[in-house]
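All figures in this text were calculated on a predicted structure; none of them were measured in a lab.
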Amino acid sequence: MPKSRIRKKADFTPPPANRQAATIKLTNRNWVAPVMLGLFLVGLAWIVLFYVTEGDLPIKSIGDWNIVVGFGFIAAGFGVSTQWK
């Protein structure tokens, strides 16, 4: 039986060195972490204050919707967190 041919792979040739590397421009997003944590803490404080005062604070007239407002702040914090790099 005849021996099969062995295919030789082409040698690696590096790309030309005269090309300049593309620079990646990253924007400064130092504001994201403090705003995100601030929104988390405001939402948590809103909900805790509502439960501790048995519904009298922060806004008595909206009643149990205070919980939705607190979770809204927390959800906004998660929304801001998508901007973090």
Side-chain angles (χ1 to χ4, degrees):
M1 176 148 235
K3 198 174 189 181
S4 63
R5 293 186 200 176
I6 298 174
R7 293 184 207 148
K8 185 178 180 186
K9 292 184 180 181
D11 292 334
F12 173 75
T13 56
N18 60 359
R19 252 178 88 182
Q20 292 179 355
T23 59
I24 299 172
K25 183 181 177 186
L26 297 176
T27 58
N28 189 3
R29 298 203 178 176
N30 292 336
W31 60 271
V32 174
V35 171
M36 175 185 66
L37 292 175
L39 287 170
F40 287 158
L41 291 175
V42 167
L44 179 65
W46 193 287
I47 294 170
V48 168
L49 185 64
F50 174 73
Y51 277 115
V52 168
T53 62
E54 296 176 359
D56 290 337
L57 289 175
I59 303 173
K60 186 175 184 175
S61 63
I62 63 172
D64 289 338
W65 284 96
N66 280 304
I67 298 170
V68 175
V69 172
F71 278 114
F73 278 113
I74 293 170
F78 279 113
V80 170
S81 72
T82 62
Q83 299 300 313
W84 196 358
K85 290 194 179 203

Does anything in residues 33-55 pair up under salt bridge (Lys or Arg N to Asp or Glu O under 4.0 Å), and if so which pairs, sequence neighbours excluded?
none

Nonpolar side-chain network containing L44, other nodes, edges under 4.5 Å:
V48, V52

Pair up each side-chain donor or acceptor in residues 58-79 with any protein partner under 3.5 Å, not counting sequence neighbours, and list the distances.
from	atom 1	to	atom 2	distance (Å)
N66	OD1	W46	NE1	3.2
N66	ND2	I59	O	2.8
N66	ND2	G63	O	2.9

Pairs where residues 34-44 contributes a residue and the test side-chain hydrogen bond (donor to acceptor under 3.5 Å, both in side chains) is met, not counting sequence neighbours:
none

Kindly write out the residues that satisfy side-chain hydrogen bond (donor to acceptor under 3.5 Å, both in side chains) with N30, not counting sequence neighbours, or none if the list is empty.
N28

For Q83 and R29, which heavy atoms make the closest approach, and how far apart are they?
O-NH1, 2.9 Å

I'd like a table of donor-acceptor pairs (distance under 3.5 Å, sequence neighbours excluded) in which one partner is a side-chain atom from residues 35-42, with atom names and distances.
none

